[in-house]
Number of protein chains: 2
Amino acid sequence: MSKSQLDLTPTESLACCSPLTREPLSAESATRIAPLLKALADPVRLRLLSMVASHVDGEACVCDLNDAFDLSQPTISHHLKQLHEAGLLHREKRGVWVYYRLQTEALRDLSALLGGVAETR
Amino acid sequence: MSKSQLDLTPTESLACCSPLTREPLSAESATRIAPLLKALADPVRLRLLSMVASHVDGEACVCDLNDAFDLSQPTISHHLKQLHEAGLLHREKRGVWVYYRLQTEALRDLSALLGGVAETR
DNA sequence: CCCGGACATCGACATCTGTCAATATTGATC
DNA sequence: GATCAATATTGACAGATGTCGATGTCCGGG
């Protein structure tokens with residue numbers, strides 16, 4: 001089954017959008033972008049993303065992340081899943097461990113959307 | 001009553017923060033920033049903000065905004081309130097009308113936080 | 001001073017979200 | 001293959017969120 005325009009992930013469809021302040025966002029764009037922001041709009045997930053992104057080698061094992069919070073392991077797993085499904089974190093299983101890594105384009109595109117910074121090729 | 005550090009709006013306290021990907025965000029910073037993102041993380045509010053920001057003269061009257069949506073007037077009012085309380089929109093009443101205007105620093109700071117773009121003074 | 005229009009607030013409701021304890025799954029090791 | 005450790009999934013529940021209709025507030029004009 002090939003990938004039609006309707007199946008584009010939020011991240012994929014973001015690159016083509018004008019900055020928020022340039023012209024009114026279409027309803028469709030807003031609907032595609034909002035989930036990305038929603039994934040980011042939680043203190044725990046913000047910290048998780050930041051911890052992963054700033055970790056050595058650019059990746060972090062779940063075991064590293066669990067201990068940084070006073071939350072149960074399933075809760076952290078749940079938040080990581082949301083970040084992953086939003087397209088913000090890449091996930092890789094190696095042995096018993098799972099490593100997460102920042103999906104850098106996603107964050108870069110989001111920043112461009114908000115800040116109006118043009119292409120940084 | 002003077003303004004202590006604890007009363008800083010999310011926007012005010014944002015300027016001092018390192019980009020997300022530089023170092024792990026502190027729990028306190030995350031707690032202050034998340035509400036900003038949460039205010040943005042809704043399709044209707046995204047469009048509202050974008051419409052206000054891209055409107056002529058940089059401001060828009062609520063009456064202009066209401067018609068762009070298939071939502072009740074109270075609902076739009078509710079969303080505008082959230083954007084205002086998050087520090088993303090400035091509000092001014094002139095006569096019978098209320099005008100909203102983008103709080104540009106808020107969006108710029110958010111973009112910098114996500115994108116790691118340094119100061120753009 | 002009363003009326004009408006612009007906007008906000010209130011109360012209610014269904015849905016979504018964050019959290020946990022319990023349980024399942026998967027892979028390494030003995 | 002039995003067991004253990006790392007992570008995910010499930011089910012439950014309290015609290016937050018988006019929406020509406022009804023109502024309140026404020027202002028300008030007759």
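Below, each value reflects all heavy atoms present in this structure, side chains not excepted, and no hydrogens, waters or symmetry copies. Residue numbering restarts at 1 for every chain, and letters A, B, ... go by the order of the sequence lines. Bear in mind the structure is a predicted one, so any value in this text is a computation, not a measurement.
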query = If you look at every strand shown and take non-hydrogen atoms under 4.0 Å, does A:H79 touch a base, only sugar-phosphate, or nothing?
reply = sugar-phosphate
remark   = Separation of D:dA8 atom P from A:H84 atom NE2, nearest Å, is 10 Å
A:R45 (side chain) donor-acceptor with A:K38 (main chain) under 3.5 angstrom = yes
query = With respect to the side chain of A:S77, which nucleotide from D:dT19, C:dC20, D:dA8 is positioned closest?
reply = D:dA8
note = Taking D:dA6, C:dT19, C:dT9 as options, the one with an atom nearest any side-chain atom of B:K81 is C:dT9
note = Among the nucleotides C:dT19, D:dA6, D:dC27, whichever has the atom closest to the side chain of B:K93 is D:dC27
request  = Send over the distance from A:I76 CD1 to C:dG18 P, rounded to a whole Å.
outcome  = 12 Å
key: Given D:dG18, D:dA8, C:dG18, the nucleotide with the shortest approach to the side chain of A:R91   = D:dA8
task = Rounded off to whole Å, could you give me the NZ-to-P distance for the B:K38 and C:dG18 pair?
result = 6 Å
ask   = Whole Å only: how far is the CG atom of A:L83 from the C1' atom of C:dT17?
value = 14 Å
query = Okay, side chain of B:H90, backbone of B:R101: is any donor-acceptor separation there less than 3.5 Å?
reply = no
Distance-only side-chain donor-acceptor flag, A:H55 / A:E59, under 3.5 Å = no
Presence of A:Y100 side-chain N/O under 4.0 Å of D:dT7 phosphate oxygens OP1/OP2 = no
Touch class at under 4.0 angstrom, heavy-atom based, for B:D42 against every strand present = sugar-phosphate
ask   = Under 4.0 Å: is that the gap between some side-chain N or O of A:T75 and OP1 or OP2 of C:dC20?
value = yes
task = Remember a base hit wins even if backbone is also touched, and classify A:Y99 as base, sugar-phosphate or nothing at under 4.0 Å, heavy atoms.
result = nothing
message = Taking any heavy-atom pair under 4.0 Å as a contact, classify B:L71: base, sugar-phosphate, or nothing.
response = sugar-phosphate
request  = Using heavy atoms to find the nearest nucleotide of DNA chain C for A:W97 and A:Q73 separately, return the residue whose nucleotide is more 5′.
outcome  = A:Q73
key: N/O donor-acceptor pair under 3.5 Å between A:S50 side chain and B:T21 backbone   = no
message = Starting the side chain at C-beta, find the nucleotide from C:dA8, D:dA5, D:dT7 nearest to A:V96.
response = D:dA5
inquiry  = More than 12 heavy atoms of other residues, nucleotides or ligands under 6.0 Å from CG of A:D70: yes or no?
reply    = no
key: Value in whole Å for how far the P atom of C:dT9 lies from CD of B:Q82   = 12 Å
request  = To the nearest Å, give me how far apart CG (A:L48) and C1' (D:dT7) are.
outcome  = 14 Å
ask   = Taking the side chain of B:P74 as heavy atoms from C-beta outward, which of D:dC20, D:dC27, C:dT19 is closest to it?
value = D:dC20
task = Tell me, please, whether B:Y99 has B:R94 positioned over its six-membered ring: NZ or CZ under 6.0 Å from the ring centre and within 45 degrees of its axis?
result = yes
Listed nucleotide nearest any side-chain atom of A:R45, set C:dG18, D:dG18, D:dT19 = C:dG18
request  = Would you mind telling me which of D:dC20, D:dG18, D:dT7 lies closest to the side-chain atoms of A:V98?
outcome  = D:dT7
query = Taking atom C1' of D:dA8 as reference, at what distance in whole Å does atom CD of A:E85 sit?
reply = 12 Å
ask   = Whole-Å distance between C:dT19 P and A:D70 CG?
value = 11 Å
message = I want to confirm an ordering. Mapping A:H78 and A:G95 to their closest nucleotides on DNA chain C, which one lands closer to the 5' end?
response = A:H78
query = Which is true for B:R94 with a 4.0 Å heavy-atom rule: it touches a base, it touches only sugar-phosphate, or it touches nothing?
reply = nothing
